[in-house]
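Structure first, then comments.
In the text below, chain A, chain B and the rest are named by the order of the sequence lines, each starting its count at 1.
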Amino acid sequence: MDLINSILNAVFGLVFMPFTGLQPYWAILCVSILTGVAMLFIFKATSDQGGIKRAKNLVKGHFLAIRLYKDDLGLMFETMKNIIVSNLLYMSKSLRPMLFLTIPMGIILVQLGTRYEYRPLHVGETTVISMRIEDPAVRLDEVEIELPDGLLLDMPPLRIESLRELNWRIRAEKAGSFELGFKRGEATVHKQLLVQEALTPVAAEIARSNIGVKLMNPSEASIPQAAFASVIGIDYPKRDLEVFGISMHWLVAFFVISLVAAFSLKGIVGVEV
Amino acid sequence: MPKIKIENDMYDKVKKFAEVAGYASVEEFINHVLEKELSSVDESDSEDEIKKRLQGLGYLS
Amino acid sequence: MRRNFCLTILTALVIFMFFDAQPALAYIGPGAGFAFLTSFLMLFASFFMAFVTMLTLPIRILFKSFKHRKAFANTKTNRVVILGLDGLEPTITERLLKEGKLPNLQQLKEQGAYSHLQTSYPALSPVAWSAFATGVNAGGHNIFDFLSRHKQSYLPELSSSKVGSSTRCLSLGQYEIPLGKPIVKFLRRSKSFWTILGQNGIFSHVLRVPITFPPEKFNGAMLSAMCAPDLWGTQGTFSLFTTDDSVDPIKEGGDTSIVSRQGNKVTGFIKGPENSIKKNKEQMKLPFVATIVSDDEAELQLGKQKITLKKNTYTDWVELKFKAGFGIKVQGIARFYLLDTKPHFRLYMTPINIDPETPALPISFPFFYSVYLSKLFGKYATLGLAEDTWSLNEGILNEEAFLEQAYLIHEEREKQFFHALEKTKRGFCAVVVDATDRIQHMFFRTLEDNHPANKGKETEKYKNVIEDMYIRMDGLVGRTMEKIGKDDIFIVMSDHGFKSFRRGINLNVWLKENGYLTLKEGVETTGEFFQGVDWPKTKAYAFGLAGIYLNVKGREKDGTVEKGAEYEQLKAELIEKLSGLTDPGNGDVAITEMYDAQKIYNGPYTNDGPDIISGYNEGYRISWNGATGVVDDVIFDDNTKAWSGDHCIDPKLVPGVIFANRKIEMGKPSLLDIAPTVLDLFGVQKPGYMRGRSIFVGDTNGAANVALPKVVADSKAPHEEVVEVSG
């Protein structure tokens, strides 16, 4: 998993490189458009184009039947049934390309998410760092945090035994990429913490064995299998994305832009969706 | 479609005549009368245009 | 954990479904799950639309029920279904019935009735089906022939429709933008019975009944047929693309395009319609490249479309988009048929049909009905006379290719018919099949060993084509019968029969030789459409397929015949001289009877039609030259074209057939009786101008008939010979 992640990180690092220093929306704009176009090609290659066209025509045809037979209740119900059936047929035609699209789409979403869901801390901001320890042999008060220069512990650690969770509140004093250390006797685990303005991949969580967390946070290596901690998280602030002056969630921006891009280019690519 | 007004008594006469003459409606009758009146000024399309329109009609060569 | 993207993505999807409908509608978004978005939206939109429709339904029902209080109140039937088999000939039908080859028609006959059906004067589809639709003869519906003459120019016009461009235009440099829709006028008069049914709240499906272009507005759905034009505005012009530049251009009904070949690539262009928004009205063009892959295969590249051409195989319908400018496109459809790749590349293209999905002219009512059928069943032929008879006449397509084309079109028609039948839960449903007519026109020669058209053509091989077609139609009848309930009326009928066309007559030559028609000085043979006729010295002229007009003063531009005594005397003289005319070539009677139009027609348009209708004998028809108004020296000639059967002869010799699943009471049913019959079946009072009556037992409209003056001259006379002086 870490290997795949590191390869993907490198690839996406290249994609995002030209946008370093630019406003974050430039990158999402470009990636969304590229994604839209790429998906069109994949869709075209993996779907039964003729079948989709026929299925869509059927739906449209039955649609017209509503107008044609608007005075006949019986025919109206028959038409509704036809619409449902032809819609199911249409959906079934999308299954195959959907399967093919799932993997690349997931990768792109994760890579975008790691950059746009959260942003690094800014200087002067505080955040909460949490650690979950599932191993019952580990006592929570055995764990200590080691902060590099530039980070300050804001409050003493909070131990929640019922959740097997530890919380530290931290303040960023200067910009940089910091390595947090967590010590339990001789053993140490690490987690990266970023304090900067520029767009960069952010790992809000890392885990030892939780696949979901690993999938969603590709930009940092997982916790080693032998380590005492299960999950380490940083409560990074959510990123506010402004595209053309409108503030929106990155997913919305991504879907709208990729949708519009693909929609307007589908004629040129010559794909039936 | 423009509408034209006619006197009531004229309409009644027209209606009666249209029925007797075998028209399916008053409009049809009035249209036919006007067509006949205007036929002398009705211009024909060019011969080429006419030939083109009939081209392909199986019954004609 | 709260930081779960998956959930966010899913939520976003749902939000999108409701707020971002427009772009998503036509596009399944980029990614997993998104593939379903459009479906959801379509489903949502359709349910929404249905919901709105249903919300307003009570109001509409209330309104309609008030307006059509009596719809179906006196109905004697649930549905009336008419299957029209154009040109089905009684003698062939009866022979095959006897031989047990038409089991379904036999069953229908035993269950109900079989009879001859009196046809129209003349026995031509446009005239006959107009009589079917309106219940009146040509004097009442104004369709006397395929052609009508222009009284000022003596030039022919299509009798049933007139297409003109919009009168108001915006001039912009080389462009002339029309500011309105093209004017399409329907010239058939009177009122169709489905319009009357609609006014009484009864819904109809009327598919491909001839003379329905442009379609009428009525309470029902209609698909136009004869004489809907192709995209060029003609009645059907096919194209031949060939690299052989020594080939003679096609004479009739087709266009030859010489294309160039380099290596295995052939380049050329498809001619489109005139660019109506350009002042010079230049023809639009669509370039193509055909790559020859092997002796039997080529690939046709048309814009982005790539179409595989296989030798002797039809392609599916191919969309042809012609760009007029300003983003305006005119779209048509055509099928291709690869004839040869060597020694010459030869590619046939059907006439460019109006695309039913984006119709350039109105070809259905409501306008989206043609779109609807296309969405459900795919593209289909929309041309009035869709089967390309000229390509076979001209020897471009062979018999197999023509038959395949005719049946491909027929299959489209069948699908549409069965769909309409399924949608007709109550009401009227009609379809007319053309393949029967076209196949008999093109293969009738094979039924006779000595037919002049057999010379140089394969005959033996196609001897069973017509019989096979009858058997096939019997199958269609059978499949329809399966859908007919006990409360439904099912009628199978033809508008006229069919006979051999061995010899042609050019009546204009006879008129010239007998001093009724004069050519201008120095003219020996006229051009087409009477070019060179000296009208001020002409008393009568034969026009169209069966009519003779007198050159009447005050009616025709250069009229010479005075109305009244001179007119009557001349008419009587011509009828007498021509009736019984013999063919010096073989001594046979060529004309059985000439009919006085005043005696066979009644109705307000009687004076607009021909003055005399020709009744040719079996084996005869107007000659090819005669039909196009060429006056030369040949009165009688052999017909050597593949078009070897016809029906435009004495109507008494070519009655149609009628089968019904109910007893027919009437002795000599006529086409004119169909409209009153259907009206009666639905309990609708027949209008006074209709002369026919219901053919079935227990006609409630019948009583009204008694009061009508109806004098049948003698038992031999045609049914329409109903004498009444019109107003």
*asked:* Is B:D45 close to chain C through its backbone or its side chain, or both, or neither, when contacts mean heavy atoms under 4.5 Å?
replied: both
*Look at the aromatic rings of C:F530 and C:F543 and report parallel, tilted or perpendicular, splitting at 30° and 60°.*
parallel
*Proximity breakdown for C:D437 and chain B, heavy-atom pairs closer than 4.5 Å*: side chain
*First locate atom CD1 of C:I250, then atom OG of C:S239, and finally report the distance between them rounded to the nearest 0.5 Å.*
7.5 Å
*For atom NZ of C:K281, is the number of surrounding heavy atoms from other residues, nucleotides or ligands below 6.0 Å larger than 12?*
yes
*Heavy-atom pairs under 4.5 Å with chain B, option from C:P156, C:P229, C:G254 with the top count*: C:P156
*Answer with side chain, backbone, both or neither: which region of C:L158 has an atom nearer than 4.5 Å to a non-hydrogen atom of chain B?*
both
*Go through the atoms of C:E556 and report whether side chain, backbone, both or neither lie under 4.5 Å from a heavy atom of chain B.*
neither
*Plane angle bin for B:F29 and B:F17 - parallel if under 30°, tilted between 30 and 60°, otherwise perpendicular*: tilted
*Select, from C:E387, C:H647, C:R438, the one with the greatest count of heavy-atom pairs under 4.5 Å involving chain B.*
C:H647
*Select one option (side chain, backbone, both, neither) describing which atoms of C:Q235 are under 4.5 Å from chain B's heavy atoms.*
both
_Is C:I196 in contact with chain B via its backbone, its side chain, both, or neither, using a 4.5 Å heavy-atom distance?_
neither
*Counting heavy-atom pairs under 4.5 Å to chain B, which of C:D608, C:V136, C:I622, C:D388 comes out on top?*
C:D608
*Ionic contact status for C:K191 with C:E216, cut-off 4.0 Å*: no
*Do you know which of C:R621, C:K251, C:K557, C:R189 has the most heavy-atom pairs with chain B at a distance under 4.5 angstrom?*
C:R189
*Where C:A675 and C:A133 come nearest, the two heavy atoms and their spacing*: CB-O, 4.3 Å
*To the nearest 0.5 Å, tell me how far C:M349 CE sits from C:D255 CG.*
8.5 Å
*Answer with side chain, backbone, both or neither: which region of C:W390 has an atom nearer than 4.5 Å to a non-hydrogen atom of chain B?*
side chain
*Side chain, backbone, both or neither: which part of C:R555 has a non-hydrogen atom closer than 4.5 Å to chain B?*
neither
*Could you tell me which of C:M226, C:M442, C:E528, C:E157 has the largest number of non-hydrogen atom pairs under 4.5 Å with chain B?*
C:E528
*asked:* Looking only at side-chain N and O atoms, does C:Q405 offer a donor or acceptor that is under 3.5 Å from a partner on C:T350?
replied: no
_Region of B:Q55 that comes under 4.5 Å of a non-hydrogen atom in chain C_ = both
*Is atom CG of B:D9 surrounded by more than 12 heavy atoms (other residues, nucleotides or ligands) closer than 6.0 Å?*
yes
*Quick one: which of C:L545, C:L385, C:N607 has the most heavy-atom pairs under 4.5 Å with chain B, could you say?*
C:L545
*Would you say the side chain of C:F213 lies within less than 4.5 Å of the side chain of C:L361, judging by non-hydrogen atoms?*
yes
*Is it the side chain or the backbone of C:T389 that comes within 4.5 Å of chain B heavy atoms, both, or neither?*
side chain
